[in-house]
Every structure is written in C-alpha cells, then in structure tokens.
Asks: 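Below you will find the structure I want to go over with you.
Predicted model, so just to flag it, every value in this text is computed and none were measured. Below, all heavy atoms of this structure are taken into account, side chains as well, without hydrogens, waters or symmetry copies. Here is how names work: the chains are called A, B, and so on, in the same order as the sequence lines, proteins then strands, and each is numbered from 1.
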There are 2 protein chains.
Amino acid sequence: MAQPRDIIGRAPSLAETLAHRLREEIASGRLQPGERLPTEHQMAETYGVSRPIVREAVGRLKHDGLVTTRQGAGAFVAEPGAASTFRLDIADLSDKVEMRAIVELLMAVEATATAHAAVRRSDEDLARIGAQLDAMQDAIDRGEPGVDEDMAFHRAIVEATGNPYFRDLSQFLDHRVRYFIRTARANTARLGGLPQAVQREHEAIFGAIGKKDPVAARAAAEEHLRNAAARLAVYLTP
Amino acid sequence: MAQPRDIIGRAPSLAETLAHRLREEIASGRLQPGERLPTEHQMAETYGVSRPIVREAVGRLKHDGLVTTRQGAGAFVAEPGAASTFRLDIADLSDKVEMRAIVELLMAVEATATAHAAVRRSDEDLARIGAQLDAMQDAIDRGEPGVDEDMAFHRAIVEATGNPYFRDLSQFLDHRVRYFIRTARANTARLGGLPQAVQREHEAIFGAIGKKDPVAARAAAEEHLRNAAARLAVYLTP
DNA sequence: GAAGTCCTACTTGTCAGGCAACTTGGTTAT
DNA sequence: ATAACCAAGTTGCCTGACAAGTAGGACTTC
C-alpha cells in the first residue's frame with residue numbers, strides 16, 4: 001500500500017492511509033450509500049495489511065459517521081448527511097489564498113455571531129465581554145501583546161449568542177487560524193497586529209453590542225476581521 | 001467501563017466509548033496540551049479493555065488532530081487549534097431548540113455564501129445556477145417534490161463562491177439538516193414545504209445573483225432559510 | 001571530574017490466531 | 001406452505017508476540 005507523507009513529513013500509519021483511501025472511495029461515489037464494504041478479511045488481503053489495521057481504519061470512518069457497522073452483517077456506507085464531522089484540512093499552511101478563504105469563512109461566522117450577540121446578550125454577558133476588554137487593555141498597558149485576552153474577548157462574544165454551534169465553530173476556526181499562523185511563522189507572538197489598533201476595533205464591537213445594534217455589531221466585527229486578515233497577510237507567501 | 005447508549009439506542013463500541021472519555025479529558029483541560037497520555041498498557045488496564053481497543057481509541061483522537069504520537073516516545077495531547085475536525089453531534093434530533101440553532105448556523109454560512117456568489121459569479125456560474133432552477137421547475141411540473149433539484153440549486157450557488165471551505169461547510173450543514181429531518185420524521189418527502197413557494201424564493205435569489213447584488217442576495221437567502229426553518233418547525237416537538 | 005558513547009528498558013506500530021456474539025440464508029421438520 | 005432450526009459468515013474483542021524507535025542511565029574514555 002502506498003505510504004503518502006503528511007503535512008509535517010511523517011509517514012502516517014497504515015490505518016490512517018487506508019482510512020484515507022476508503023474515504024476517497026466514498027467521496028468519489030465508487031462506494032454508493034447503502035452499499036456494503038468488503039469484509040475485513042478481504043480488505044486486509046487486498047490492501048496487504050492485517051485485520052486490526054483494517055478495523056482501525058473502518059473505525060475512524062465509523063467515528064466520522066461515514067459508515068455504520070452491524071455485527072454479523074458487515075459495514076455499510078452511510079448516506080450523505082450522516083457524517084457528523086466537518087473536516088478542515090488545509091493543504092498549504094502558508095498559502096495566502098488558502099488562508100484568505102479560511103478567514104473569509106471565519107468572518108462570516110463571527111460577524112453573524114456578533115450580530116446575534118448584540119441582540120440577545122444579557123447584562124451579565126455584556127459585563128463579561130467588558131471585563132475581557134479591560135483585561136486586554138491592562139495587558140497592553142503592561143506592554144504585552146494580549147493574545148490570550150484577545151481570544152477571551154471573542155470567546156465571550158460568541159458565548160453570548162446562546163447558540164453552542166456558533167460558539168464551537170467560531171472557536172474552532174479561530175483556533176485554527178491562529179495555530180496556522182503560529183506554525184507558519186513561529187517568530188511573531190503578535191498575531192493581531194498593533195495591540196492599540198486591535199483594541200480600538202474591540203471597543204467598537206463592544207459599543208455596538210452594548211447598544212444592542214446588530215447591524216453596527218456586524219459591521220464592526222467585519223471591519224475588525226478584515227483588518228486582522230490584512231495584518232496577517234504580510235506573514236504569508238504571495 | 002460504562003457503556004452509554006448512542007442516539008439510536010445501540011451500544012457504541014468500547015473504542016468509541018474510550019475515545020469519548022479521552023476527548024472529554026482533553027476538552028475539560030484535565031489533560032493539558034503537551035502532556036503525555038498514559039501508555040497504552042496503562043490505559044488498557046485502568047479502563048479494563050485490551051490494548052487494540054486503546055489503540056483504536058487513541059487512533060481516532062489522532063485522526064481528529066487532538067493528539068500526536070511518536071513511536072517509542074508516547075502519545076501527547078496537541079495544542080488547541082491543531083484539531084482538524086469540527087464535530088457536530090446533535091443531542092436530540094427532534095428538539096426544536098437544537099434544530100433552530102443548527103439552522104441559524106446554516107443561515108449564517110449560506111446567506112454569506114450567497115452574497116459572495118453574487119459578487120464573484122462568472123457567467124458560467126450563473127448559467128449553472130439557472131439550469132438547476134429550471135430543473136427544479138420541471139420537477140414541480142411533473143408533480144415531484146424536487147428535493148434533489150433543490151439541493152443541486154443551493155450547491156451550484158455555494159460552488160460559485162470560489163471558496164471551497166464555504167462550499168464544504170455549507171454542504172455539510174445542509175446535508176445534516178435534511179438528514180435529521182428525514183430520520184426524525186421519516187414520513188415526509190417534502191422537506192422544503194410547498195414546492196411553488198420554495199421555487200419563488202429560489203427565483204428571488206437567482207435574480208439577485210444575476211444582478212450581482214450581494215445585499216439583495218443575502219436578504220433573499222435569509223428569507224428563504226427563515227421560511228424553510230418555519231416549515232420544518234411543524235415537524236418537530238415543541 | 002567531565003564529556004561522549006553505548007546499551008537497556010520502555011513505548012508505539014504491526015501482525016497472527018482465536019473465541020464470542022450476531023446476522024443471514026438455506027434446510028429441515030411440521 | 002409455514003415455521004423452527006442450523007450452519008456459514010461477519011464483526012467485536014482478546015491474548016501474545018515481534019519489530020522499530022525513543023529516552024535515560026551506565027559505562028568508558030579523556
């Protein structure tokens with residue numbers, strides 16, 4: 001079986017490789033929904049691996065909701081939509097186009113989340129957001145970049161939406177973007193650009209949420225993310 | 001080891017159960033990033049399962065990017081942000097609140113995608129979208145609900161964004177919502193309500209994209225999804 | 001005494017074989 | 001013809017083992 005390299009250059013396990021192949025078989029439609037997969041013994045033979053490896057690979061697809069297994073009956077590919085995971089594998093971490101696409105998605109989610117937060121936030125939510133804003137200001141005054149405080153500020157906002165899926169997806173994308181930047185350019189700790197500029201944008205967002213103005217909140221969030229993307233761009237290859 | 005039931009009532013595999021526990025350990029912070037997990041032998045003993053089961057569980061976390069393993073060294077929990085999958089596990093399929101939260105997220109993604117499509121669409125994109133619109137009309141004329149055509153119409157739009165992440169997430173959420181409705185209420189084939197009403201909303205979206213008007217496109221998409229959510233609500237428990 | 005080298009215990013990756021639980025389809029008995 | 005039954009096949013799980021790689025201590029050498 002072919003042994004492709006992962007993004008770090010390490011050889012993935014046999015199970016990972018086989019899972020990837022099966023995933024492609026399903027995605028391409030060569031394995032139709034409802035169709036039964038070959039038995040574990042057959043797959044073990046055709047791919048030249050042992051049965052535990054096949055089990056591990058099938059287990060991952062099952063984990064992702066792509067197949068279901070019935071003891072004694074076999075493994076069947078699930079219908080599209082049964083998949084319970086959204087996979088965000090980025091080909092080239094340092095590619096500007098890729099990063100722009102991700103940030104664009106983050107912008108859509110977080111801008112809408114901010115608008116929702118403006119409408120639904122309780123006074124306690126607002127207080128929590130304000131506290132994080134102050135914490136960030138304190139960090140800036142101490143001369144720190146305030147990365148953690150920055151993240152906590154945004155987290156407090158998406159928490160205020162009251163929609164756990166918004167919160168989780170937003171956090172996921174946010175972490176992902178920051179992580180990629182960090183690995184692509186390990187030098188800079190200042191992810192958000194000049195802290196003062198970031199803080200002013202944060203204050204605009206906070207103000208809109210305080211006034212319960214969803215349109216202004218969305219606009220402020222979009223402006224903030226647009227600027228953040230522009231600041232990040234300098235770290236990326238053209 | 002406790003054997004919880006999954007949403008369908010089947011007992012998940014031991015590996016799935018263990019993976020879930022480890023996932024919680026990480027999410028809760030009891031296992032800090034960079035920290036080493038117990039060895040497979042230790043985990044096998046403490047959880048009362050065999051090593052292959054532990055391997056399968058750890059393999060899934062590795063698959064999701066939550067841990068990394070180094071042969072001879074051990075398994076280490078990755079830093080937040082390294083996770084490459086976004087999980088969308090819904091507790092209660094027929095719960096109105098859950099469904100509303102999901103649809104709200106879908107609305108954010110798809111409305112923004114529609115706005116982007118309006119700005120960036122090529123003439124070929126527009127033609128493809130129009131073709132799907134016509135196909136849906138044909139299906140309606142034949143007295144069919146046109147579910148597949150409906151999905152194809154939306155797919156053509158998100159394709160036109162030129163952003164694969166928008167496309168994939170949109171498709172994922174769309175599939176997910178339709179799937180849940182289908183399983184929660186297996187009776188109805190007409191997911192979208194009256195086809196004529198759906199079609200009129202589709203035409204509004206198409207018109208806005210044709211005029212390259214992002215604001216109108218967003219509004220039309222939001223209107224469409226709001227109505228779709230309202231139509232779905234009758235199938236759900238209060 | 002300090003530095004470098006080697007070696008051993010440990011950990012993960014993989015394999016082989018086997019038993020239990022379950023499904024399925026055909027066979028047999030009624 | 002129908003119902004009960006059985007046997008082959010499949011997944012779920014386990015034990016035991018070996019190979020490959022890591023890490024830390026012991027040993028040698030300067």
Asks: Donor-acceptor pair, distance only, cut-off 3.5 Å: does the side chain of B/T46 make one with the backbone of B/M43?
Replies: yes
Asks: Would you check if B/Y47 and B/V54 make a side-chain contact, meaning some heavy-atom pair closer than 4.5 Å?
Replies: no
Asks: How long is the line joining CG of B/L37 and P of C/dG13, in whole Å?
Replies: 12 Å
Asks: Which of these nucleotides, D/dC13, D/dT10, C/dG13, is closest to any side-chain atom of B/L14?
Replies: D/dC13
Asks: Only counting residues at least two apart or in another chain, list the ones meeting salt bridge (charged side-chain N to carboxylate O under 4.0 Å, His left out) with A/R51.
Replies: A/E40
Asks: Side chains of B/Y165 and A/I102: does their closest heavy-atom pair fall under 4.5 Å?
Replies: yes
Asks: I need the CZ-C1' distance between A/R36 and C/dG25, as an integer number of Å.
Replies: 13 Å
Asks: Taking DNA chain C as the partner, which of residues 39-46 of chain B come within under 4.0 angstrom of it by heavy atom?
Replies: B/T39, B/E40
Asks: Could you list, one pair per line, each protein nitrogen or oxygen that sits under 3.5 Å from a nitrogen or oxygen of nucleotides 16-18 of chain C, together with the distance?
Replies:
residue, atom, partner, partner atom, Å
C/dG18, O6, A/R51, NH2, 3.0

Asks: Within a strict 4.5 Å, meaning less than it, do heavy atoms of the A/F172 and A/V109 side chains meet?
Replies: no
Asks: My understanding is that only residues two or more places apart in sequence, or in another chain, count here; which of them pass salt bridge (charged side-chain N to carboxylate O under 4.0 Å, His left out) with A/E25?
Replies: A/R30
Asks: Send over the distance from A/E56 CD to D/dT11 P, rounded to a whole Å.
Replies: 16 Å
Asks: Return the set of residues passing side chain to side chain contact (heavy atoms under 4.5 Å, CB included) with A/E104 (not counting sequence neighbours), or none when no residue passes.
Replies: B/H116, B/R120, B/N163, B/F166
Asks: Not counting sequence neighbours, which residues clear salt bridge (charged side-chain N to carboxylate O under 4.0 Å, His left out) with B/R60? List them please.
Replies: B/E16, B/E56
Asks: Going by heavy atoms in the side chains, are B/V58 and B/L18 under 4.5 Å from each other?
Replies: no
Asks: Counting only side-chain nitrogens and oxygens, does A/R55 get under 4.0 Å of the OP1 or OP2 atom of D/dT11?
Replies: no
Asks: What are the atom names and distances for every N/O pair under 3.5 Å that joins the protein to nucleotides 23-26 of chain D?
Replies:
residue, atom, partner, partner atom, Å
D/dA23, OP1, B/R70, NH2, 2.4

Asks: With sequence neighbours excluded, tell me which residues meet ring-ring contact (aromatic ring centres under 6.0 Å, His included) with B/H154.
Replies: B/H202, B/H224
Asks: Output the rounded distance in Å from CD (A/Q71) to P (D/dC14).
Replies: 12 Å
Asks: If only side-chain N and O atoms of B/T69 are considered, is one of them under 4.0 Å from the OP1 or OP2 phosphate oxygen of C/dG13?
Replies: yes
Asks: I'd like to know whether B/D174 forms a salt bridge (Lys or Arg N to Asp or Glu O under 4.0 Å) with B/R178, so could you lay out the CA-CA distance, the side-chain angles of the two residues, the decisive distance to 0.1 Å, and finally the verdict.
Replies: CA-CA 6 Å; B/D174 190 26; B/R178 293 174 191 267; 3.0 Å; yes
Asks: Could you tell me how far apart B/L18 (CG) and D/dC13 (P) are, to the nearest whole angstrom?
Replies: 11 Å
Asks: If the condition is side chain to side chain contact (heavy atoms under 4.5 Å, CB included), which residues does A/R87 pass it with, not counting sequence neighbours?
Replies: A/R23, A/D64, A/D89, B/H63, B/D64, B/S84, B/T85
Asks: Taking atom C1' of C/dG13 as reference, at what distance in whole Å does atom CD of A/E16 sit?
Replies: 14 Å
Asks: Return the set of residues passing side chain to side chain contact (heavy atoms under 4.5 Å, CB included) with A/A156 (not counting sequence neighbours), or none when no residue passes.
Replies: A/I129, A/Q132
Asks: Restricting to side chain to side chain contact (heavy atoms under 4.5 Å, CB included), what partner residues turn up for A/L225, sequence neighbours left out?
Replies: A/L106, A/M107, A/E110
Asks: Quick one: which protein N/O atoms are closer than 3.5 Å to N/O atoms of nucleotides 3-5 of chain D? Pair and distance per line, please.
Replies:
none

